[in-house]
Amino acid sequence: MIKVVSFEICPFVQRVTGALAAKNIPYEIEYINLKNKPQWFLDISPNGQVPILITESGKTLFESDAIIEYIEDEYGAIEPDVSNEQRALDKAWSYLGAKHYLAQCSAMSSKDQSTFEQRTSKLMKAFAKVEAVLNQDNLFFKSNELSNVDIAWLPLLHRAAIVERYTGFDFLSGFPKVKWWQKAIMNLGIVEKTVSSDFEKRFKDFYLTNTYLADGNNVDQVDGCGTTNCCG
Ligand SMILES: N[C@@H](CCC(=O)N[C@@H](CS)C(=O)NCC(=O)O)C(=O)O
């Protein structure tokens with residue numbers, strides 16, 4: 001069976017588990033502590049990052065973009081019969097989503113209002129681009145069928161929903177079509193399969209404790225996330 005090596009709150013891992021869940025592909029998962037990476041992981045992970053995916057034949061794949069392509073090539077596309085042109089567009093929209101994972105992580109980790117607003121504005125620009133192309137007659141990004149683009153944006157939309165539930169702050173405020181899309185993704189029945197059972201607690205402990213989002217006012221700048229390695 002294939003194996004995914006993970007860190008509980010990593011959005012790049014969630015994209016991979018999302019692709020596996022969407023195709024109903026069974027897999028083992030092992031969680032590691034990124035602050036104290038085990039030697040066996042360092043030995044096989046060229047970039048020292050999660051996710052890695054160990055294939056049935058024992059090869060270690062790394063970089064979530066490459067892993068997503070492997071899942072599609074090996075197990076079939078989530079959405080069949082996509083033209084080359086459309087596939088290129090899907091990859092580009094997926095890239096735009098994944099490129100903002102760290103922006104969301106760092107926004108959520110902000111310790112004061114101005115840092116929070118500055119980091120959030122980057123994310124808002126991406127949601128505004130999506131708002132402009134979403135069609136309100138569709139459930140998902142392109143149609144009523146799930147696609148890779150939905151999976152790539154799932155971590156952002158899921159995390160926005162949790163933040164809203166706990167803090168009242170809505171990253172999607174002002175983007176009604178994105179909001180509708182978020183609802184469709186959250187109702188899909190696969191979101192809970194993409195994360196561990198204690199995900200919400202871990203997420204809350206990390207992002208909604210001693211942060212601007214948690215307290216609504218400035219808190220001490222302690223051990224904040226960097227911009228490149230947010231959830232580690
Ligand atoms: N480009 C990588 C990014 C993965 C990444 O940033 N993973 C973080 C956790 S969310 C990580 O492993 N951080 C530990 C480190 O960089 O040392 C991918 O797409 O797989």
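Heads up: numbering here begins at 1 and tracks the sequence. This one's a predicted model, so the numbers in the text were calculated from it and none came from an experiment. Note that ligands are numbered from 1 as they come in the structure, with each ligand's atoms numbered from 1 the same way. In what follows, every heavy atom counts, from backbone to side chain, and hydrogens, waters and symmetry copies are set aside.
The shortest N or O to N or O distance between Gln49 and ligand 1 is under 3.5 Å. At least one N/O-N/O distance between Glu63 and ligand 1 falls below 3.5 Å.
The environment of CD in Glu145 is sparse: at most 12 heavy-atom neighbours from other residues, nucleotides or ligands sit within 6.0 Å.
Atom-to-atom distance recorded for Ile151:CD1 and Arg15:CZ is 9.5 Å, nearest 0.5 angstrom.
Atoms of ligand 1 found under 4.0 Å from any heavy atom of Lys37 (numbered from 1 in listed order, with element): 14 (C), 15 (C), 17 (O). Each of the atoms 20 (O) of ligand 1 lies under 4.0 Å from some heavy atom of Pro51.
Both the backbone and the side chain of Val50 come within contact range of ligand 1, each with a heavy atom under 4.0 Å.
Side-chain heavy atoms closer than 4.5 Å link hydrophobic residues (I, L, V, M, F, W, Y) into clusters, and following such links, even through other members, never connects Met1 to Ile25.
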For the pair Trp93 and Phe141, evaluate ring pair (Phe, Tyr, Trp, His ring centres under 6.0 Å) and give the outcome as yes or no after the intermediate values. CA-CA 10 Å; Trp93 280 104; Phe141 184 79; 5.3 Å; yes
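Donor-acceptor pairing under 3.5 Å is lacking for the side chains of Trp181 and Asn138.
Residue contacts with ligand 1: Phe7 is excluded, as none of its non-hydrogen atoms falls under 4.0 Å.
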